[in-house]
Amino acid sequence: MNYQEIFKRLWEDYIHQNPAAGKIHKLFTDAGEKVENDHIAFRTFNDPRMNIDVLAKVFIKNGYVEKGQYVFKEKHLFARHYEHSGDKKAPRVFISELILQDFSDSLQNIVNHSINQVPDETYRSDDLIFSGSLFPQPSFEVYSKLREESEYAAWLYVFGFRANHFTVSVNALKKYNTIEKLNEFIKAAGFKLNTSGGEIKGTKADLLRQSSTLADQVKVSFTEGVFEIPACYYEFAERFKDANGHYYSGFIASSADKIFESTNFYKK
Ligand code: NI
């Protein structure tokens with residue numbers, strides 16, 4: 001496996017799971033644009049069997065190195081980002097983990113019980129990042145209970161290990177080369193943007209501006225029946241040069257904090 005194969009495999013699952021992302025990608029290619037991927041993101045729990053280091057392993061084997069760390073105090077998340085050491089065109093990888101110890105015993109018990117259902121060797125496999133949900137069929141009642149404390153935990157309980165989002169690099173677009181132009185284009189095509197913290201997160205002074213769609217609603221088969229819940233979203237990132245003339249390559253925690261909310265539960 002090389003890194004291109006990893007991204008290809010993740011992309012196929014991602015557009016299957018989130019048809020809107022595939023449609024938006026096609027909007028750009030139909031408009032003559034070449035879509036480059038700024039980054040992808042994964043979510044996990046900080047349990048040592050499946051924490052950031054475990055998910056990062058397959059990327060590190062394929063030439064990636066750690067480049068930054070981020071703390072999301074309110075959401076009780078920690079994250080690292082990775083970049084390919086040789087290929088500047090390779091997308092960044094952003095991996096966050098939920099700090100379980102910050103939550104109630106009830107949440108920790110639910111999560112530990114789910115994690116314990118899966119054999120340890122499954123977590124050690126290089127295929128972990130492609131495996132989706134490994135936990136037994138989810139319960140809507142448990143999903144709703146997790147949401148009371150953490151939308152992130154609820155999402156992860158249902159969707160598991162897969163790209164939570166891909167990100168269109170605004171810098172690589174010719175016509176839609178600012179986040180404003182891109183947002184108008186996406187909205188005119190009928191897609192809804194995440195408006196938490198405003199449509200555009202970050203400023204030119206931060207060196208990174210981002211927006212994202214609201215996650216697609218998908219039908220999930222819970223033990224109680226089929227319910228529609230938000231799955232994954234598509235993100236857009238515009239990067240700016242720093243004082244030394246280098247494009248900023250990291251992430252802005254205060255912006256990412258709002259973007260996490262793209263998967264919050266909402267009724268259609
Ligand atoms: Ni992102």
Side-chain angles (χ1 to χ4, degrees), residues 3 6-7 10-11 13-15 17-18 20-22 24-25 28 35-44 52 55-56 59 64 66-72 74-84 89-98 129 150-152 155-156 159-173 176 178-179 182-183 186 191-204 206-216 230-240 247-264:
Y3 86 77
I6 295 177
F7 285 96
L10 291 167
W11 173 255
D13 170 74
Y14 173 72
I15 54 169
Q17 180 82 15
N18 314 278
I24 292 171
H25 186 275
F28 286 116
V35 179
E36 280 182 23
N37 183 12
D38 181 273
H39 68 271
I40 60 165
F42 292 93
R43 295 178 171 186
T44 193
I52 293 175
L55 264 70
F59 292 101
Y64 275 75
E66 190 196 323
K67 288 285 188 176
Q69 306 189 358
Y70 310 89
V71 174
F72 303 90
E74 237 176 80
K75 291 195 169 59
H76 305 284
L77 295 169
F78 176 69
R80 296 181 199 276
H81 105 257
Y82 300 82
E83 292 178 29
H84 197 275
K89 285 271 179 208
R92 297 162 190 81
V93 175
F94 182 93
I95 310 176
S96 58
E97 63 186 16
L98 192 73
I129 58 164
S150 167
E151 289 274 356
Y152 181 108
W155 186 92
L156 188 51
F159 295 108
F161 304 104
R162 51 166 35 101
N164 166 269
H165 60 273
F166 274 67
T167 312
V168 175
S169 164
V170 176
N171 299 74
L173 300 175
Y176 304 102
T178 68
I179 205 105
L182 180 142
N183 285 351
I186 299 290
F191 295 97
K192 285 199 170 55
L193 295 177
N194 168 4
T195 55
S196 170
E199 272 179 12
I200 299 173
K201 281 78 167 165
T203 63
K204 201 174 167 183
D206 293 328
L207 306 178
L208 175 63
R209 299 199 301 164
Q210 289 163 278
S211 65
S212 61
T213 61
L214 266 189
D216 252 355
C232 303
Y233 58 93
Y234 212 174
E235 192 172 299
F236 314 102
E238 180 181 15
R239 294 182 180 274
F240 298 89
Y247 278 106
Y248 179 66
S249 192
F251 294 85
I252 305 294
S254 58
S255 302
D257 191 69
K258 297 293 175 212
I259 292 205
F260 278 119
E261 294 173 17
S262 305
T263 58
N264 281 11

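As the structure lists them, so they are numbered: ligands from 1, and atoms in each ligand from 1.
Listed by chain and residue number, D38 satisfy the salt bridge (charged side-chain N to carboxylate O under 4.0 Å, His left out) test with R92 (two or more places apart in sequence, or in another chain). Residues that satisfy the salt bridge (charged side-chain N to carboxylate O under 4.0 Å, His left out) test with E238, not counting sequence neighbours, are R209. Contacts of D206 classified as salt bridge (charged side-chain N to carboxylate O under 4.0 Å, His left out), with partners at least two apart in sequence or in another chain: none.
Side-chain contact between H25 and W11 is present, with heavy atoms from C-beta onward closer than 4.5 Å.
Separation of the W155 and Y152 ring centroids does not fall under the 6.0 Å cut-off.
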side-chain contact (heavy atoms from CB on, under 4.5 Å) between L156 and L98, intermediate numbers included: CA-CA 10 Å; L156 188 51; L98 192 73; 5.6 Å; no
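Listed by chain and number, the protein N, O or S atoms at a distance under 2.8 Å from the Ni ion (ligand 1) are H39 NE2, H165 NE2, E235 OE1, E235 OE2.
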